[in-house]
Amino acid sequence: MKTSRRSFHKKITFENRSCAGKGRRMMNHFMILAVLLPLRTCHTAYSQQGSLMFPVTYFNVSKDLALQHLIVEWDVDKTAHDAELAMSFEIQVHRADEATVWTDFHNVTLNKSGKPLHWIWDSDLPLECMSHSVRIRSKAEASKIWSQWSPWETVLGLDASDNYGPKIFPEEKVIEEGLGITLCCIGRKGQIIKEFFLSDSDVNYFNKTNRQIGLLTAKNVTLRGASQPVSVFCKEPCSEEPCYAHAVFFVGRPPDTPGDFSCQTRNMTTVTCTWNQGRDTYLYGCHSSKHTLFDEFSQNLVPCTVSCSEQSSQCSCSWDIGQQRIYNITLTVENALGRKTATEAFDVTHRIYPLPPFQLWEECTDTEIKLHWNHQNKGIELFCQTEVFQPNGKAELYNGSDTQLHHTSITLGGRQPFTKYTARVRCGAAKNFWRWSEWSKAQTIRTKEAAPSGKVDIWREITPVLRGRNVTLFWKEEPGFRANARSISYEITLEKVEDSSKAECISLSSAYNSTRIFIDNHPYRITIMAKNNVNSSLPSILIIPGATGTEKMLNDSELKEEKVNGTEDGILISWEPRHTYDSYVIDWCSFPMSQPCDLQWERFGPNTSSALINSAAFVPGVRYNFRVYGSTANRASLLEKKTGFLKEQPPEFCTEVKNIELSNHAVTLFWDPCPTNKTDCGFLRGYCIYVSPVQEDCNLKGSKKHVHSDGSVLCKYTIENPEERRYTVKHLTSNTKYKLAVVAYTGGGEFPELNFMYIDTPLDSDMMYLLVLLVIVPSLIVAICIWKMKWVKEGCCPVIPTPNKSKVLSFKEFKIGSEKVLKISDCTPDTLAVDNKVEAQKLHLQSLMPSTPTEDKTDVHNSSWDYHNENENENEKRNFTSTPTPQTHTWFENLAYSSHLAVESDPYQLPETLETSKAEVSAVPYQPQYYLSILNDDAPSSPGEAAGRKTSLRYISQTDVHCIGRRL
């Protein structure tokens, strides 16, 4: 039994060896008891009590330096074997000069054979480096009491080297990647190890030196290159050659389990086994993996030599089978780090892997191939399979039913004439099929020629010329047409419909697919056939109607061209079906801008009314014109015309504005129609007009906002009529600079660039007039008023003195209470008014007289007064108040105060009197010292009388003059 130290070792304190004597004495005591007592009675008694002990009677320790094992062998008394006792053993290993003890427990059930027991201990340190001691003790599993320890058995190491120099152990070793290794270097007697190191600095290690036995431990060692070991060096303090030692160790992998292990025979005489050896072990030479095959039936090694490929890791081994048919092979792969096995049991007759067929040849016609081959599998009945490759690369498999032993064949029908095929064959055992053989070499076969199959499709394009027509004939092979020969030619026959006796033949090689002929205005029948070395194809017929009479072709100009739309898959053409036609034809030019335009056509059945036309030549932005023909009895008539694009593109031209009409708030743009050659990229759908003020974003009524590429906001107007040539943009602001652009658009979009033109709207005259009326005229009036404010004020609102505003009345003597009082004697009045009616009449009469100043009428006073007669009789008062008679006031104006005489009419004065008064008064010149006397019939003759009438006068302010009297 083999036990790994790493799995069970324990570290315990080393016990005193003096315990060994005590253990031996107890062991002898129990041995005497075992002899004296009967075996069964003793065994039963002590087993129940759990105190029976069987100490080790035989104990031996040896070492295997090649495998670095300590081999422990021991035995117990025969009575324990006879009792088939289950026992436990504790084994301890102690290494010299170290205080560590490794402990392991070994459980075993004894048998009556009486064979000694074994235990193997793997040492991590070479056994040569130190002495190792082992001891053991035992107990029955049912007991809790151990026997005494056996004495230590010691296996000596090399405590000192010989006189030839230090030595390193192990001298050569193979270790697994990722693990570690411990080495020792033993110095000569009396010498110590000064240096102990590795040559590779990439390996991590630590060492113990400066003693006679040096130790070095390397951990986690990685793989090296091919055949590159790690070197170890050891050195004593001296410098002579015997003072050095050198050793190496290798790093590798254990072998993988062999993969795909199988065995087979190809000829029933030799068996070959193959397998995959897996990963590289990085061990080579004497350390490389060894492969052995062992037959369990014969219990013999298989006599074969293993060969392995370094590139593919495939290995194989072959041997002669003789008469043996059944095998059970065990494959073992082993190296210094481990071993792996794989097994394979088989019957040779069930493992036949035939050799491939050889010597293929064929016999063929235009539609059939008979393929023959030979094979070298003598005595083996085979079943074969043929693989045939079509010209398009498609493969077909055919199983053969012929099981001949040496020669076989297969017939392959349904071939196309003059077609190249490739065939190959493989075979397998007809009985107990195991696997197919390899394919034979491919055989290329071509069938025989035959007449062309299918027909040639023919079409035409007619151009009227003088005294006839030029007819361009086009032809192409119909779907399914095959030339069936190396080369073909085309034969064209031209004849009049009314007279077929004068036929004309034209022969063209296969390099041509069109030709032009001239015919007159009569109807013609045109026939075309494909011809090879074997025969001709079926003819195709086309009738060209006459150019006059009832067979006159419909002129293209009489048909309106209809627009069609393209899709991602092509251009959809639809037409109105007619029951009079047995087929329809659509033709078009793949390259409309080229000459020749590569005319193409397709035929459709009578029940078809639409077709999706697609071609690899179709590109976006190119206009394609289609013509739909109805055909009956090989005669074609034009029915409809279509035009369209696979995909419309934006126009390729910029619309130029030729003229503008500008007003204050609108601008009318005029442009020319689009050039025809510039609109072939799409159907013209209309125009877009872009407008915007130069200094700000646009926001015009009736427009849509459009953000330009520069970030500015434009106003956009869309005209959906492609025939439109003018447009008026309204709601513009006068006296503003605008930019405008006109672009055409198609179904593919607008012209990508905006070429702006700039305009300035004129100033609005109505607004100018309104500005003058509302701003300038009022401003001018205000300016004049400010300039002539004094004159205006004096003319419209003169300054009129009032008692309350008089400076004279500001003194205290002119106030009574809170009222200001003006005494007549205190100031000079400007006007005297007489309220007495009689006096007023007298004054009125006086006013009508010539106003010549006399000294008799002059008053002696230097101022004027207004006297009021307070002594009027009551009747007069009543008459005055009851009868609305005009009240007369007489005014005496102080000429020293006024600078001129003014006359105003009394509200009760007659108009004619007023006019007379005005004429008279206006003639009075300004005389500052002129005074008027009050003259009437009752006028006082003396100053005393005048003074007596003083109370009848009152002061009339100048503000009241306009309301109650007139001026004189």
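We use all heavy atoms of the structure for the numbers below, so side chains are in, but hydrogens, waters and symmetry mates are not.
Pro545 and Ala636 get closest at one heavy-atom pair: CG-O, 4.4 Å. In terms of heavy-atom proximity, Ala483 sits nearest to Asn532 at O-ND2, 2.9 Å. The shortest non-hydrogen separation linking Tyr524 to Lys496 is OH-CE, 3.0 Å. The nearest pair of heavy atoms linking Pro606 to Asp582 is CD-O, 3.3 Å. Among all heavy-atom pairs drawn from Ser409 and His372, the shortest one is CB-ND1, 3.3 Å. The nearest pair of heavy atoms linking Thr746 to Pro650 is OG1-CA, 3.8 Å.
Looking at Ser594, its side chain never comes within 3.5 Å of a backbone N or O of Pro596 through a donor-acceptor pair. With hydrogens and angles ignored, the 3.5 Å screen pairs a side-chain donor or acceptor of Arg725 with a backbone N or O of Glu723. With hydrogens and angles ignored, the 3.5 Å screen pairs a side-chain donor or acceptor of Ser540 with a backbone N or O of Val456. Thr733 places no side-chain N or O within donor-acceptor distance of the main-chain N or O of Thr736, the cut-off being under 3.5 Å. Although no hydrogens or angles enter the test, the distance criterion places a donor-acceptor pair under 3.5 Å between the side chain of Ser663 and the main chain of Ala666. Looking only at distances, a side-chain donor or acceptor of Ser537 sits under 3.5 Å from a matching main-chain atom of Ala530. Ser703 contributes no side-chain N or O that, together with a main-chain N or O of Lys701, makes up a donor-acceptor pair within less than 3.5 Å. Not a single donor-acceptor pair under 3.5 Å links the side chain of Thr718 to the backbone N or O of Cys688. A distance-only check finds no donor-acceptor pair linking the side chain of Asn374 to the backbone of Gln359 [under 3.5 Å]. A distance-only check finds a donor-acceptor pair linking the side chain of Asn484 to the backbone of Ala451 [under 3.5 Å].
Legend: residues meeting side chain to side chain donor-acceptor pair (under 3.5 Å) with His708, ordered by chain and number and at least two apart, are Asp710.
Within 6.0 Å of the OH atom in Tyr512, the count of heavy atoms belonging to other residues, nucleotides or ligands does not exceed 12. Within a 6.0 Å radius of NZ in Lys647, no more than 12 heavy atoms belonging to other residues, nucleotides or ligands are found. For Arg578, the CZ atom is densely surrounded, since the number of other residues' heavy atoms within 6.0 Å is greater than 12. Other residues, nucleotides and ligands contribute more than 12 heavy atoms inside 6.0 Å of the NZ atom of Lys476.
Rounding to the nearest 0.5 Å places CH2 of Trp601 at 12.5 Å from CZ of Arg627. To the nearest 0.5 Å, atoms CG (Leu612) and CD1 (Ile573) are separated by 9.0 Å. Within the model, atoms CZ of Arg623 and NZ of Lys563 stand 7.5 Å from one another, a figure rounded to the nearest 0.5 Å.
Two residues are said to be in side-chain contact when any heavy atoms from C-beta on lie closer than 4.5 Å; Lys739 and Ser712 meet this criterion. Using a 4.5 Å heavy-atom threshold, the side chains of Ile369 and Thr447 count as touching. Tyr687 has its side chain out of reach of Phe751: every pair of non-hydrogen atoms, C-beta onward, lies at least 4.5 Å apart. Using a 4.5 Å cut-off on side-chain heavy atoms (C-beta onward), Cys597 and Trp588 make no contact. Between Ser514 and Phe474 the shortest side-chain heavy-atom distance falls below 4.5 Å. Side chains of Ser609 and Phe604 form no contact here, defined as non-hydrogen atoms less than 4.5 Å apart. Considering only heavy atoms from C-beta on, Val713 stays 4.5 Å or farther from His706 through its side chain. When side chains are defined from C-beta on, Ile541 does not count as touching Ile526, because their heavy atoms never get closer than 4.5 Å.
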Which is it for Arg685 and Glu648 under the salt bridge (Lys or Arg N to Asp or Glu O under 4.0 Å) test, yes or no, and what are the steps along the way? CA-CA 11 Å; Arg685 307 299 175 90; Glu648 295 185 60; 2.5 Å; yes
Between Arg424 and Gln443, is a side chain to side chain donor-acceptor pair (under 3.5 Å) present by the stated rule, with each step listed? CA-CA 6 Å; Arg424 60 180 184 173; Gln443 182 78 6; over 6 Å; no
Asp760 and Lys737: salt bridge (Lys or Arg N to Asp or Glu O under 4.0 Å), yes or no, with the steps? CA-CA 4 Å; Asp760 293 293; Lys737 188 171 185 177; 5.2 Å; no
With salt bridge (Lys or Arg N to Asp or Glu O under 4.0 Å) as the test, would you mind laying out the steps for Glu562 and Lys642 before giving the verdict? CA-CA 5 Å; Glu562 180 184 351; Lys642 312 287 183 179; 2.5 Å; yes
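Centroid-to-centroid, the aromatic rings of Tyr629 and Trp459 come within less than 6.0 Å. Note: Phe683 and Phe645 meet the aromatic proximity criterion, with ring centroids under 6.0 Å apart. Ring centroid separation for the pair Tyr727 and Tyr717 comes in under the 6.0 Å cut-off. Aromatic rings of Tyr738 and Tyr758 (six-membered ring for Trp) have centroids beyond the 6.0 Å cut-off, not under it. Under the 6.0 Å cut-off for aromatic ring centres, Tyr490 and Trp475 qualify, their centroids lying closer than that.
Considering Leu714, Asp697, Leu700 in turn, Leu714 is the only one that fulfils the side chain to side chain contact (heavy atoms under 4.5 Å, CB included) rule with Ser692.
By the 30° and 60° cut-offs, the orientation of the rings of Tyr624 relative to Phe626 is tilted.
A donor-acceptor contact under 3.5 angstrom links the side chains of Thr668 and Thr728, judged on distance only. Between the side chains of Trp671 and Asn659, not a single donor N or O lies within less than 3.5 Å of an accepting N or O.
A cation-pi arrangement is not found for Lys658 relative to Phe670, the charged atom failing to lie both closer than 6.0 Å to the ring centre and inside a 45° cone about the ring normal. For the pair Arg446 and Phe418, the distance from NZ or CZ to the six-membered ring centre is under 6.0 Å and the angle to the ring normal is within 45 degrees. A cation-pi contact, defined as under 6.0 Å to the ring centre and within 45° of the axis, is absent between Arg603 and Tyr584.
In this structure, Arg415 does not pair ionically with Glu368, as no charged nitrogen and carboxylate oxygen lie closer than 4.0 Å.
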